[in-house]
Structures are given as C-alpha cells and as structure tokens.
Amino acid sequence: MRRAERLFRLAELLRGRRLAVTAAALAADLEVSPRTIYRDIDALRAAGAPIDGEAGVGFRLASGWEMPPLSFDGEEVEALLVGLRMTRAFTDDDLARAARRAEAKLRAALGEAGLRRADLSPYHAPPTELAERRTLHRAVRRAAETARKLRILYRDEAGAETERVIHPFALLRWRAVWTMIAHCELRGAERHFRLDRILSAEALEERFPEPSAALRAKMAALIEAERP
C-alpha cells in the first residue's frame with residue numbers, strides 16, 4: 001500500500017471511532033508496524049489533523065476533519081506529465097500502462113486552461129526500447145522491489161560473457177542508457193551493469209538483505225557522480 005493511500009485509510013479508521021484506538025489495533029488493520037502508525041500519526045498532525053492521544057494510550061480524531069485535496073500549479077502539472085511520458089517511453093510495459101492511467105486521471109482533474117497548457121507542452125518522449133529490453137527492465141525492477149537476487153548473463157565492454165548473481169539496488173538512466181547499481185556476488189562489491197549488456201536475467205527465490213545506511217549513502221554518491 002502506498003503511503004498516501006495508507007494515510008487516507010488511517011484517517012478513515014480514526015474518524016470512525018468514538019473512543020481512542022491504540023496504535024497496535026491500527027497497525028493490525030493496516031498490516032504495518034506500530035512504529036509506522038506513529039510516523040503516520042505525526043504526518044497527519046503536520047497536515048492539520050486534530051488527533052488527540054499518545055503512544056501507549058490511543059488516538060482519536062476530532063469529527064468533521066477531512067484530508068485536504070491535492071492541488072498542483074501549472075508547472076507542477078507539466079512536470080508530472082513529462083515524468084509520465086518518460087515513464088511510458090523508457091520503462092517496462094506494466095509501468096507504461098500505469099503511466100497512461102495516471103495521465104488520464106490527471107487530465108480528468110484539470111480545468112479547460114490546464115488541459116490547454118497540457119496539450120501545448122513541447123515535451124514528448126516516443127518509446128525507443130525494444131520489447132525484449134522492456135521485458136528485461138520489468139524483471140530487474142521487480143527483483144529490486146522485492147529484494148530478490150538475480151542471476152544474469154552479462155557481456156562486458158570487451159565482449160566477454162560471465163554469469164553472475166547480483167543484488168539489484170537502483171536503476172539510473174544516464175546518457176540514454178539504463179544502468180543498474182547492484183552488489184555482485186562474483187566480485188564481492190558494488191558494480192554498475194548496463195541493461196543493454198544483460199543477455200538474460202532470472203529472478204531467484206533467495207532474497208538479499210536491505211542495504212545498510214552506509215551502502216545507501218554510497219549509492220547516492222555513485223548516482224551523484226554519474227551526473228554529466
């Protein structure tokens with residue numbers, strides 16, 4: 001469940017109770033940890049929700065409060081449309097279909113002026129990925145999202161082919177090429193893999209541990225270093 005959806009559901013659960021409800025009960029309803037509930041309560045309070053209570057006692061939302069609707073200015077809408085068009089062009093078919101649905105919802109919420117500006121946007125991103133590349137992209141993305149190891153056959157710049165088991169962490173599009181940042185078990189270190197050089201990829205049942213804070217910082221530094 002996305003965080004925004006979870007916040008709405010949490011607000012609905014609190015609104016439907018006359019008495020205070022504990023974080024443990026809310027966590028069970030939303031299938032998350034009590035710690036996540038505490039963070040979400042803080043987020044709702046920051047958004048102006050009149051929530052009474054505290055940890056260990058329970059929480060209650062005053063009646064009559066509604067989550068404020070999202071609104072975007074013209075440039076924010078254009079930024080969203082550009083991102084959705086790039087998603088359709090450069091990722092996998094599942095995300096492309098999701099981007100089409102999201103764009104339809106966004107356009108349905110725009111007024112006449114917003115639609116006119118959207119139609120006049122100069123940004124376009126025609127699809128360039130071959131079908132097999134898009135299928136590979138989906139396999140890599142899903143493995144990264146579910147923390148599953150990947151067995152890949154990789155061809156390096158010199159043409160040598162090696163089989164490797166990797167932990168996919170992040171995808172970076174740089175100079176018109178998708179590059180994956182991953183831990184390579186063969187080398188015992190983090191490496192970059194160009195997706196157009198992966199000949200095959202198989203998701204394994206074995207999962208890899210969540211990256212440590214130090215590794216996340218290192219990945220962020222690697223991504224920053226790739227800026228042209």
Side-chain angles (χ1 to χ4, degrees), residues 1-6 32-33 35-36 39 79-100 102-103 123 125-228:
M1 185 188 306
R2 294 172 300 175
R3 186 165 187 259
E5 180 183 354
R6 192 176 68 242
V32 296
S33 68
R35 180 174 295 181
T36 297
R39 289 198 296 264
L80 290 170
L81 289 173
V82 171
L84 291 169
R85 290 168 184 174
M86 293 186 70
T87 297
R88 290 168 57 182
F90 301 128
T91 63
D92 60 71
D93 290 338
D94 288 349
L95 282 184
R97 284 189 288 270
R100 290 189 189 95
E103 182 172 347
Y123 293 100
T128 58
E129 301 286 348
L130 299 176
E132 59 268 23
R133 292 293 100 195
R134 295 178 75 89
T135 300
L136 172 64
H137 190 128
R138 177 172 54 195
V140 171
R141 174 176 64 85
R142 287 180 173 174
E145 290 172 344
T146 58
R148 292 178 65 182
K149 295 183 180 182
L150 275 177
R151 179 182 288 116
I152 65 171
L153 181 61
Y154 191 74
R155 178 183 292 153
D156 65 18
E157 189 174 4
E161 297 180 7
T162 55
E163 185 177 276
R164 304 163 184 248
V165 174
I166 62 172
H167 309 174
F169 294 137
L171 284 168
L172 170 68
R173 189 168 178 87
W174 185 64
R175 292 183 180 176
V177 175
W178 280 108
T179 300
M180 171 173 47
I181 300 176
H183 176 80
C184 176
E185 293 189 354
L186 178 65
R187 304 303 183 195
E190 283 64 58
R191 290 289 187 268
H192 290 189
F193 298 93
R194 283 178 48 160
L195 260 63
D196 61 343
R197 292 180 180 163
I198 297 177
L199 305 179
S200 64
E202 175 192 3
L204 306 179
E205 291 299 324
E206 187 177 1
R207 299 181 183 272
F208 57 85
E210 182 177 345
S212 65
L215 181 54
R216 288 185 181 278
K218 183 177 180 180
M219 285 193 293
L222 287 172
I223 292 171
E224 186 66 24
E226 293 293 348
R227 291 190 178 216

Worksheet item: Do Lys149 and Ile166 have side chains that get closer than 4.5 Å, going by heavy atoms?
Response: no
Discussion item. Could you tell me if the side chain of His137 sits less than 4.5 Å from the side chain of Leu171, heavy atoms only?
Written reply: yes
Worksheet entry | Test salt bridge (Lys or Arg N to Asp or Glu O under 4.0 Å) applied to Arg194 - qualifying residues, sequence neighbours left out | Asp196
Worksheet item: Under the ring pair (Phe, Tyr, Trp, His ring centres under 6.0 Å) test, which residues partner Phe208, sequence neighbours left out?
Response: His167, Phe169
Worksheet item: For Arg164, what residues pass the side chain to side chain donor-acceptor pair (under 3.5 Å) criterion, not counting sequence neighbours?
Response: Thr162
Worksheet entry | Sequence-distant partners of Leu80, side-chain contact (heavy atoms from CB on, under 4.5 Å), two or more places apart | Phe72, Leu106
Worksheet item: Of all residues at least two apart in sequence or in a different chain, which pass the side-chain contact (heavy atoms from CB on, under 4.5 Å) check with Thr87?
Response: Thr91, Leu95, Ala99
Worksheet item: Who pairs with Asp94 by salt bridge (Lys or Arg N to Asp or Glu O under 4.0 Å), at least two apart in sequence or on another chain?
Response: Arg97, Arg138, Arg142
Item to complete: Kindly write out the residues that satisfy side chain to side chain donor-acceptor pair (under 3.5 Å) with Asp93, not counting sequence neighbours, or none if the list is empty.
Response: Arg134
Worksheet item: Partners of Glu157 by salt bridge (Lys or Arg N to Asp or Glu O under 4.0 Å), sequence neighbours excluded?
Response: none
Fill in: Minimum heavy-atom distance between Arg173 and Ala176, given as atom pair plus value
NH2-O, 3.5 Å
Worksheet item: Can you name the side-chain contact (heavy atoms from CB on, under 4.5 Å) partners of Ala201, sequence neighbours left out?
Response: Leu136, Leu150, Ile152, Ile198
Response to the item:
Here the pair of heavy atoms bringing Ala125 nearest to Ala89 is O-CB, 2.9 Å
Worksheet entry | Gap between atom NE2 of His192 and atom CH2 of Trp174 - 0.5 Å precision | 9.5 Å
Worksheet item: Any idea which heavy atoms bring Ala182 and Pro168 closest together, and the distance?
Response: CB-CA, 3.9 Å
Fill in: Spacing of Thr146 atom OG1 and Arg207 atom CZ [to the nearest 0.5 Å]
5.5 Å
Practice prompt. Taking salt bridge (Lys or Arg N to Asp or Glu O under 4.0 Å) as the test, write out the residues that go with Arg88, two or more places apart.
Written response: Glu103
Fill in: Minimum-distance pair of heavy atoms, taken over all atoms of Tyr123 and Arg85
O-NH1, 2.9 Å
Worksheet item: Got Cys184 and Phe193 here, is their nearest side-chain heavy-atom distance under 4.5 Å?
Response: yes
Worksheet item: For Leu153, which residues count as a side-chain contact (heavy atoms from CB on, under 4.5 Å) partner, sequence neighbours excluded?
Response: Glu161, Leu199, Ser200
Item to complete: Sequence neighbours left out, what passes side chain to side chain donor-acceptor pair (under 3.5 Å) with Arg151? Give chain and number order.
Response: Glu202
